[in-house]
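We number each residue from 1, following the sequence as shown. Because the structure is a prediction, the values reported are computed rather than measured.
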Amino acid sequence: MNFKTITYERYLKSIPIEGRHILGQQTEEQILVYQAFNPAIADFAIEHQYFGGNAYSYSRMSWIKPNFLWMMYRCGWAEKTNQERVLGIWIQKTDFDRILSQSTFSSFKPDIYEDYDTWKETLETHPVRLQWDPDHDIYGLKQNRKAIQLGIKSDLLKVFGKDMICNIIDVTDFVKQQKHYIYSKQLDKLCIPEEEIYIPTEENIQRQIGLIS
C-alpha cells in the first residue's frame with residue numbers, strides 16, 4: 001500500500017507526549033499527508049492521480065494533515081459524511097516546506113506576530129491557514145501533544161492538487177480494519193502508520209509556524 005505501519009504500542013513509545021510536533025510518515029525526500037473525501041472525489045483522485053472532476057472544487061479551502069491519528073479524529077475513522085474515503089498523498093518535502101512558508105495562523109498569536117494588524121495583513125495575503133490543535137488518541141481523547149493541519153486555497157491549492165502530488169493511495173480499507181480492532185478491543189493487532197517528527201530545514205519557517213521562538 002506504499003506506506004509502513006507499526007503496532008500501536010510501538011507507535012506510542014516513539015512519539016513525544018507533549019509540545020508542538022509535525023508527525024508524519026517520511027522517506028528521505030517525501031512526506032505523507034492525509035485527506036478524507038466522498039467516494040466521487042476519491043475515485044477520481046485514485047484513477048487520475050490528481051484532484052479534479054465534477055465533484056471537486058478548487059474554489060474552496062482544502063485541509064491536509066500529516067498525522068494519521070489526527071486525521072482519524074477528524075473523519076471519525078472514515079465514518080463521517082463526505083469523509084468516507086481516506087487518501088494518503090505523498091508529496092516532496094520541499095513542496096511541504098513551500099506550503100508551510102505560505103501559512104498564517106488562523107487566529108492571532110502575540111508570540112508569533114508583531115501586532116494584530118500585521119497578522120491580519122498576513123492572513124489576507126497568504127494562501128495557507130495553519131492550526132495547531134490537540135492531537136487525539138485512538139478513542140478520540142485529547143492529548144497534550146499538538147498536531148498541525150494546513151488549509152490551502154487559491155492558486156496554491158491548484159498547484160498542490162495537480163503538480164505537487166507524487167502518489168495518491170487509498171488507505172480506507174486499512175482504516176476500517178484498524179477501527180474494527182479498536183471496537184473489538186483487539187489492540188494487540190492494531191497498527192498505525194509509522195511516523196516521526198518532521199522539522200523544516202529553514203529556521204525562518206520553523207519560527208513562522210511556531211516551532212521555535
Side-chain angles (χ1 to χ4, degrees), residues 1-6 8 10-12 14-37 42 45 51 61-78 83 85-106 127-138 140 142-153 156-157 159-161 163-172 174-175 178 191-202 205-206 208-212:
M1 200 182 297
N2 198 23
F3 75 122
K4 298 178 180 179
T5 64
I6 58 175
Y8 183 54
R10 284 185 58 199
Y11 178 81
L12 290 178
S14 68
I15 60 173
I17 62 174
E18 61 184 4
R20 290 174 176 170
H21 300 282
I22 301 175
L23 291 175
Q25 181 153 143
Q26 305 168 50
T27 66
E28 185 175 345
E29 296 182 346
Q30 297 179 8
I31 186 168
L32 183 64
V33 299
Y34 299 98
Q35 294 191 284
F37 295 105
F51 289 106
M61 180 173 288
S62 188
W63 292 83
I64 62 172
K65 304 166 183 65
N67 182 322
F68 178 78
L69 286 183
W70 177 229
M71 182 73 256
M72 293 307 97
Y73 170 71
R74 294 301 297 170
C75 72
W77 292 86
Q83 298 187 64
R85 295 277 294 281
V86 182
L87 304 182
I89 304 134
W90 283 103
I91 63 174
Q92 297 289 341
K93 290 180 176 178
T94 51
D95 286 329
F96 188 64
D97 280 2
R98 177 181 175 185
I99 293 170
L100 292 173
S101 72
Q102 298 188 53
S103 68
T104 303
F105 277 77
S106 295
V128 181
R129 298 290 177 268
L130 160 68
Q131 291 182 190
W132 288 103
D133 298 294
D135 201 354
H136 290 69
D137 67 8
I138 57 174
K142 288 184 179 181
Q143 305 296 293
N144 291 329
R145 180 181 56 257
K146 294 296 181 67
I148 197 171
Q149 64 172 338
L150 299 159
I152 312 171
K153 65 176 184 176
L156 185 61
L157 179 58
V159 174
F160 167 78
D163 300 328
M164 289 184 177
I165 293 170
C166 301
N167 189 23
I168 302 177
I169 58 176
D170 191 341
V171 300
T172 308
F174 172 80
V175 167
Q178 306 319 305
C191 288
I192 300 293
E194 186 176 27
E195 296 179 345
E196 57 185 324
I197 296 173
Y198 177 75
I199 301 176
T201 55
E202 297 183 18
I205 297 179
Q206 298 176 37
Q208 180 177 340
I209 65 175
L211 287 181
I212 60 175

For residues Arg129 and Ser106, report the shortest heavy-atom separation together with the two atoms involved. CB-OG, 3.6 Å
Do the side chain of Gln25 and the main chain of Phe3 share a donor and acceptor less than 3.5 angstrom apart? no
Would a 4.5 Å heavy-atom cut-off, applied to side chains only, mark Met72 and His136 as touching? no
Which atoms form the tightest heavy-atom contact between Gly151 and Trp63, and what is the distance? N-CE3, 3.1 Å
Please determine if Lys146 and Asp133 form a salt bridge, counting it only when a charged side-chain N lies under 4.0 Å from a carboxylate O. no
Are the side chain of Gln206 and the backbone N or O of Ile199 linked by a donor-acceptor pair below 3.5 Å? no
Can you tell me how far CG of Leu100 sits from CD1 of Ile209, rounded to the nearest 0.5 angstrom? 5.0 Å
Considering all heavy atoms of both residues, which atom of Tyr73 and which atom of Gly140 are nearest to each other, and what is their separation? CE1-O, 3.9 Å
Which of parallel (below 30°), tilted (30 to 60°) and perpendicular (above 60°) describes Trp77 and Phe68? perpendicular
Just so I know, are the side chains of Glu195 and Tyr11 near enough to count as touching, which here means a heavy-atom distance under 4.5 Å? yes
Side chains of Arg20 and Leu211 in contact at under 4.5 Å (non-hydrogen atoms): yes
With rounding to the nearest 0.5 angstrom, report the CZ to CG distance, Arg74 to Leu69. 14.5 Å
Could you report the tightest heavy-atom contact between Val175 and Ala78, atom names first, then the distance? CG1-CB, 4.0 Å
I'd like to know if the side chain of Thr5 pairs up with that of Glu194 as donor and acceptor (distance under 3.5 Å, no hydrogens or angles considered). no
Residue pair Thr104, Leu130: steps toward the side chain to side chain contact (heavy atoms under 4.5 Å, CB included) verdict: CA-CA 5 Å; Thr104 303; Leu130 160 68; over 6 Å; no
Take Val128 and Phe160 through the test side chain to side chain contact (heavy atoms under 4.5 Å, CB included) and record every step on the way to the result. CA-CA 11 Å; Val128 181; Phe160 167 78; over 6 Å; no
Hey, could you give me the CG/CG distance between Leu32 and Asn2, rounded to the nearest 0.5 Å? 8.0 Å
Looking only at side chains, do Tyr198 and Asp97 share a donor and an acceptor under 3.5 Å apart? yes
So how far is it from Gln92 CD to Gln30 CD, rounded to the nearest 0.5 Å? 4.5 Å
When rounded to the nearest 0.5 angstrom, what distance separates CD1 in Ile165 from CD1 in Ile168? 4.0 Å
Any chance you could measure Ile197, atom CD1, to Ile15, atom CD1, to the nearest 0.5 Å? 9.0 Å
I'd like to check Ile152 versus Ile64 (side-chain heavy atoms, cut-off strictly below 4.5 Å). Are they in contact? yes
Do any N or O atoms from the side chain of Trp132 and from the backbone of His21 form a donor-acceptor pair under 3.5 angstrom? no
Side chain to side chain contact (heavy atoms under 4.5 Å, CB included) between Ile148 and Asn67, worked out: CA-CA 8 Å; Ile148 197 171; Asn67 182 322; over 6 Å; no
May I ask you to test the Pro66-Leu23 pair for a side-chain heavy-atom distance under 4.5 Å? no
Report yes if some heavy atom in the side chain of Ser101 is under 4.5 Å from a heavy atom in the side chain of Phe96; otherwise report no. no
Report the C-alpha distance between Ile6 and Cys191 in whole Å, list the side-chain angles of each, state the deciding distance to 0.1 Å, and finish with yes or no for side chain to side chain contact (heavy atoms under 4.5 Å, CB included). CA-CA 5 Å; Ile6 58 175; Cys191 288; over 6 Å; no
Closest contact, heavy atoms only, Trp70 versus Pro134: CZ3-O, 3.4 Å
Heavy atoms, side chains only, cut-off 4.5 Å: are Leu87 and Phe37 in contact? yes
By side-chain hydrogen bond (donor to acceptor under 3.5 Å, both in side chains) - contacts of Gln26 (at least two apart): Lys93
Among Gln143, Lys142, Arg145, which one satisfies side-chain hydrogen bond (donor to acceptor under 3.5 Å, both in side chains) with Asp135? Arg145
Could you check whether any side-chain heavy atom of Gln35 comes within less than 4.5 Å of a side-chain heavy atom of Ser62, counting everything from C-beta outward? yes
